[in-house]
Amino acid sequence: MALQVWLDGRLVPEEEARVSVFDHGLLYGDGVFEGIRAYDGIVFRLKEHLDRLYNGARVIMLDIPLSQEEMTQAVLETIRANGLRDAYIRLVVTRGVGDLGLDPRKCPRASVFIIAAGIALYPEEVYINGLRLITCSVRRNSPDALDGSIKSLNYLNNIMAKMEAIRAGVPEGIMLTTDGYVAECTGDNIFLVRGERLITPPTSIGNLPGITRGAVMEIAARQGLEVREELFRLASVYTAEEVFVTGTAAEIVPVVEVDGRPVGAGKPGPVTKRLLDGFRELTKTDGEPIYP
Ligand code: PXG
């Protein structure tokens with residue numbers, strides 16, 4: 001059966017879900033988006049995802065033509081229309097259809113679409129054996145230019161870095177700020193473990209405030225770990241006891257090698273495993289029920 005896509009207020013079969021070549025999301029990457037996940041009938045932290053979306057829209061002065069409550073209902077309706085309990089949801093808001101110039105005033109109405117698809121799970125192997133990472137030479141955008149805390153449609157920077165990782169034979173790469181501090185990965189946040197302490201870079205340097213990152217910080221505190229947001233360089237990564245990355249698709253994935261150096265014992269560590277167990281528990285209850 002064709003996917004039903006929510007497009008500007010209507011559910012339409014995927015082959016009818018088309019946007020204009022004059023849409024400024026396409027012409028200029030002018031818009032914001034979210035990647036959200038549902039676990040067994042519950043949309044994980046939907047409110048937090050929508051808060052991030054609406055905050056990003058506010059920063060770029062984009063009027064979303066639905067209230068946050070209406071957007072919540074639109075997301076749930078889209079998942080229901082596709083009969084899904086486990087899903088990956090992509091929600092996109094673009095500046096809308098305009099002319100060929102940059103001027104967003106020529107776009108009278110934002111376009112909104114919501115895709116709810118079956119989720120392509122990470123292979124269980126990565127949770128067991130861990131990931132290898134490289135550091136990408138492509139730097140994270142300076143937040144003075146484009147603030148990475150906005151999940152905007154401008155992902156070229158991350159895509160360039162991702163290509164570099166793929167060319168090096170690994171699925172994910174570390175991105176640095178222009179000052180050489182570790183920022184995040186191309187589509188995931190990063191954490192280090194030292195003793196009973198978790199360290200992750202602050203979002204003020206232009207990282208995405210990941211929903212998974214936020215959940216991990218809460219779980220860690222509940223598990224008695226100290227959580228710190230601080231700047232660090234690659235040497236701290238190379239000498240950490242454990243490293244892991246977090247993201248909606250990835251959840252929590254252990255990292256076992258960075259730039260050819262084994263991390264800790266070179267295998268997934270106990271703190272990472274405990275956090276992943278805690279995270280998977282949380283996904284059973286924390287979020288918006290799809291079929292109440
Ligand atoms: N940093 C960046 C730059 C991201 O794009 C995350 C961190 C993790 O955030 P959440 O909220 O998911 O915990 C993201 C989100 C993909 C893909 O296909 C990944 C993201 C977005 C879109 C696609 O890998 N990551």
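Atoms within a ligand are numbered from 1 in the order they appear, just like the ligands themselves. These values consider heavy atoms only, across backbone and side chains, with no hydrogens, waters or symmetry-generated copies.
Each of the atoms 3 (C) of ligand 1 lies under 4.0 Å from some heavy atom of Thr186. Proximity to Glu184 (heavy-atom distance under 4.0 Å) selects the following atoms of ligand 1: 1 (N), 2 (C), 3 (C), 7 (C). Close contacts of ligand 1 with Thr212, meaning ligand atoms under 4.0 Å from a residue heavy atom, involve 10 (P), 13 (O). Residue-ligand proximity, Gly247 to ligand 1, at heavy-atom distances under 4.0 Å covers atoms 8 (C), 12 (O), 13 (O). Atoms of ligand 1 lying under 4.0 Å from at least one heavy atom of Thr248, given by number and element, are 10 (P), 11 (O), 12 (O), 13 (O).
Contacts between Arg90 and ligand 1, counted as non-hydrogen atom pairs separated by less than 4.0 Å, involve the side chain only. Residue contacts with ligand 1, taken as heavy atom pairs separated by less than 4.0 Å, involve Asn158 solely via side-chain atoms from C-beta onward. Contacts with ligand 1 closer than 4.0 Å are made by side-chain heavy atoms of Leu208 only, the backbone lying farther away.
For atom 3 (C) of ligand 1, a protein heavy-atom neighbour is found at a distance under 4.0 Å. Within the 4.0 angstrom cut-off, atom 18 (O) of ligand 1 has no protein heavy-atom neighbours. Within a 4.0 Å radius of atom 24 (O) of ligand 1, the protein contributes no non-hydrogen atoms.
Here Ile64 contributes atom CD1 and Tyr54 contributes atom OH; the two are 4.5 Å apart, rounded to the nearest 0.5 Å. Put simply, OG1 on Thr283 and CG on Asp40 are 9.0 Å apart, with the number rounded to the nearest 0.5 Å. Here the straight-line distance linking atom CG of Leu131 with atom CD of Glu172 works out to 8.0 Å at 0.5 Å rounding. Summarising the geometry, atom CD1 belonging to Ile252 is positioned 8.5 Å from atom CZ belonging to Arg280; distances are rounded to the nearest 0.5 Å.
For the pair Arg37 and Tyr88, the cation-pi criterion (under 6.0 Å, within 45° of the ring axis) is not fulfilled.
Counting heavy atoms only, Gly187 comes closest to atom 14 (C) of ligand 1 of the residues Ala249, Gly210, Gly187.
If you check the side chains of Ser137 and Glu164, you find a donor sitting under 3.5 Å from an acceptor.
Not a single N or O atom of Thr246, backbone or side chain, sits closer than 3.5 Å to an N or O atom of ligand 1.
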Evaluate the criterion salt bridge (charged side-chain N to carboxylate O under 4.0 Å, His left out) for residue pair Lys47 and Asp51; output intermediate values, then yes/no. CA-CA 6 Å; Lys47 178 182 184 304; Asp51 285 347; 2.7 Å; yes

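The side-chain contact (heavy atoms from CB on, under 4.5 Å) search around Glu70 returns Leu66, Ser67, not counting sequence neighbours.
In this structure, the side chain of Thr272 does not engage the main chain of Pro268 through any donor-acceptor pair within 3.5 Å.
From the protein, the heavy atom lying nearest to atom 5 (O) of ligand 1 is Tyr155 OH, 2.5 Å. Remark: minimum distance from atom 20 (C) of ligand 1 to any protein heavy atom is reached at Lys151 NZ, 3.7 Å.
Listed by chain and number, the hydrophobic cluster partners of Leu27 are Val21, Phe22, Tyr28, Val97, Leu100, Leu102, where partners are ILVMFWY side chains within reach of under 4.5 Å, directly or through others.
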